[in-house]
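For ligands, and for the atoms within them, numbers begin at 1 and follow the listed sequence.
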Amino acid sequence: MSEKKSFYLTSTIFYPNAQLHMGHVYTMTVCDIIARYQKLAGNNVKFLTGSDENSAKIVKAAKEKGQTVPEFLNEITAGFKKLYKDLEISYDEFIQTTDTKKHWPGAIKMWNSLVESGDIYKSKYTGLYCQGCEAFYTEKELMDGKCPLHLTQLEKLEEENYFFRLSKYTSGIKKRIGNNELEIIPNTRRNEILAQLERGLEDISFSRPAHTVPHGIPVPGDSDQVMYVWCDALTSYISGIGYGLDEENFKKYWPVDVHVIGKDILRFHGAIWPAMLLSAGLPLPKKLLVHGLITSGGQKMSKSIGNVIDPYKLINEYGSEAVRYFIARKISIFEDGDMTVDSFRDAYNGDLANGLGNLVSRILTMAENYKVSTVDTIDPVTLISNDKYLDNFNINEYMNHIWKLIQVADKKIQDEEPYKKYKTDQQAAVKIVTELCTHLYEIALWLKPVMPDTSRIIIESLYYPNNPKKPDVPLFPRKD
Ligand code: MSP
């Protein structure tokens, strides 16, 4: 048998300063759908996620809770992992940037490579700093004098820091994005970063005084400074697969097939990260998938507006499969997408309780009562691999396609009325229901990457031990 092709994808690594919200659940679910699809297509998938821990906001959050940094991080990351388990997120690696054994050797190796290329220099810096973004902004980038993302007042900071010669790589990156060596999806985001590159890049501060983040990674040769959180966080994408520790494993997976990110951090991934890689003499990522952000009621989800949707509550009430469904079908992947508690409940009742759930129950009830034989198996790899939608990350269209198949099955029941036919012509009714079972089986296979549990229950019911059997409880009970 030929060796499996490897497929490496990453989520962003989140700041563990608070528990995750619906936006994070969104991005993780998108990653998981891609990972499951690639596994189904027969690839050797590595799905990396993690937490971004060496920042001032972690120090602040731990202090506010009266905990040490390690105590605080243990509690929060345990919460991340519990959420991922409940959401059936099939990640393979969880990298923590405080991990001195797994992450630090790679971060130090990267720093030294940047130094060797002559791209690190020391300079005084005065700038406007946003605690929320962990980033400096230039006057040009501000919105009414405030952080364009958090709309908060910025602090004026003066520091002596190490700088990275980002400006040197402007044309190199432009060329590689221009010729799609580094592909940025969708086109709107590609154009956005190309426009930023056209305006030019300025060198960026790459370290902080050690007292601001005492648990951060010391700059090699200067323990008064720690690496800037973004420099160390981006490196987790390579340390997590062995850079600086296990070169063989690193080479097996790098360059990454896709980094999945939100549009809020495009500059870091479309400019700073490629520049670091070019400086270190490493290949660039193959693709960046840049998704939109979730809004609620047309406004950015935020605590102060009071429109935050708690993923834990949704999962408890509706189940994780419903959350995955909503994300995949109803949140536009390439644009911002809106979500309210009402729109979620409507989609649940309309598409899952009345749609898929009802179809499963009708077909399997007839199949059980009419003693239909179990349908022939279909190889999921043959059916699903090279899917024209998922190969292009078009999860929304993929789901629309599945829901069209559900409509076709509904219509077949309505038009051919097997339950009526059974009274006069049992054989004809059994034939129709067998066809419906095959159709349902296909739907279940298509659902596999998106709703793995629902898919499994449908398939198990179709094969219950010898003949189809209706599930004991409705898959999606109606909620009022
Ligand atoms: N730690 C950095 C990333 C470092 S990656 C090397 C960071 N963390 S974060 O916790 O702020 O998470 C940002 C990411 O979370 C976004 O890029 C996006 O993927 C996701 N989202 C956060 N809010 C979101 C929405 N409202 N909607 C969709 N995704 C959102 O930045």
**Asn392: partners by side chain to side chain donor-acceptor pair (under 3.5 Å), with sequence neighbours left out** = none
**Request:** Mark up the atoms of ligand 1 that fall under 4.0 Å of a heavy atom belonging to Gly292, in ascending order.
**Result:** 28 (C)
**Request:** If you have a sec, work out which protein heavy atom is nearest atom 10 (O) of ligand 1 and how many Å separate them, to one decimal?
**Result:** Tyr15 N, 3.1 Å
**Request:** Would you check the N or O atoms of Ser236, main chain and side chain alike, for any that come under 3.5 Å of an N or O of ligand 1?
**Result:** no
**Item:** Nearest non-hydrogen protein atom, atom 5 (S) of ligand 1
**Value:** Tyr237 OH, 3.3 Å
**Prompt:** In terms of residue, atom name and distance, what is the protein heavy atom nearest to atom 14 (C) of ligand 1?
**Reply:** Thr12 OG1, 3.7 Å
**Message:** Out of the candidates Asn54, Thr98, Asp232, only one should pair with His103 under the side-chain hydrogen bond (donor to acceptor under 3.5 Å, both in side chains) rule; please name it.
**Reply:** Asp232
**Prompt:** To the nearest 0.1 Å, how far is atom 26 (N) of ligand 1 from its closest protein heavy atom, and which atom is that?
**Reply:** Ile294 O, 3.4 Å
**Message:** Under the rule for ring pair (Phe, Tyr, Trp, His ring centres under 6.0 Å), what residues qualify as partners of Phe47, not counting sequence neighbours?
**Reply:** none
**Fill in**
Nearest non-hydrogen protein atom to atom 23 (N) of ligand 1, with distance, is His21 CE1, 3.3 Å
**Prompt:** Should His291 be listed as contacting ligand 1, given a heavy-atom distance under 4.0 Å as the test?
**Reply:** yes
**Request:** For Asp32 and Ser90, test the side chains for any donor-to-acceptor distance below 3.5 angstrom and give the result as yes or no.
**Result:** yes
**Request:** Answer with yes or no whether the side chains of Asn307 and Ser296 bring together a donor and an acceptor at under 3.5 Å.
**Result:** no
**Request:** Establish, from distance only, whether the side-chain atoms of Tyr237 and His269 form a donor-acceptor pair under 3.5 Å.
**Result:** yes
**Prompt:** To which protein heavy atom is atom 12 (O) of ligand 1 closest, and what is the distance rounded to 0.1 Å?
**Reply:** Phe14 CD2, 3.5 Å
**Request:** Note the single closest protein heavy atom to atom 25 (C) of ligand 1, along with its residue, its atom name and the distance in Å.
**Result:** Gly23 CA, 3.4 Å
**Request:** Answer side chain, backbone, both or neither: which part of Asp264 comes under 4.0 Å from ligand 1, heavy atoms only.
**Result:** side chain
**Prompt:** Will you find, in the side chains of Thr49 and Glu93, an N or O donor that is under 3.5 Å from an N or O acceptor?
**Reply:** no
**Request:** Decide, yes or no, whether a salt bridge links Glu317 with Arg345 under the criterion of side-chain N to carboxylate O below 4.0 Å.
**Result:** no
**atom 3 (C) of ligand 1 [closest protein heavy-atom partner, distance rounded to 0.1 Å]** = Ile13 O, 3.3 Å
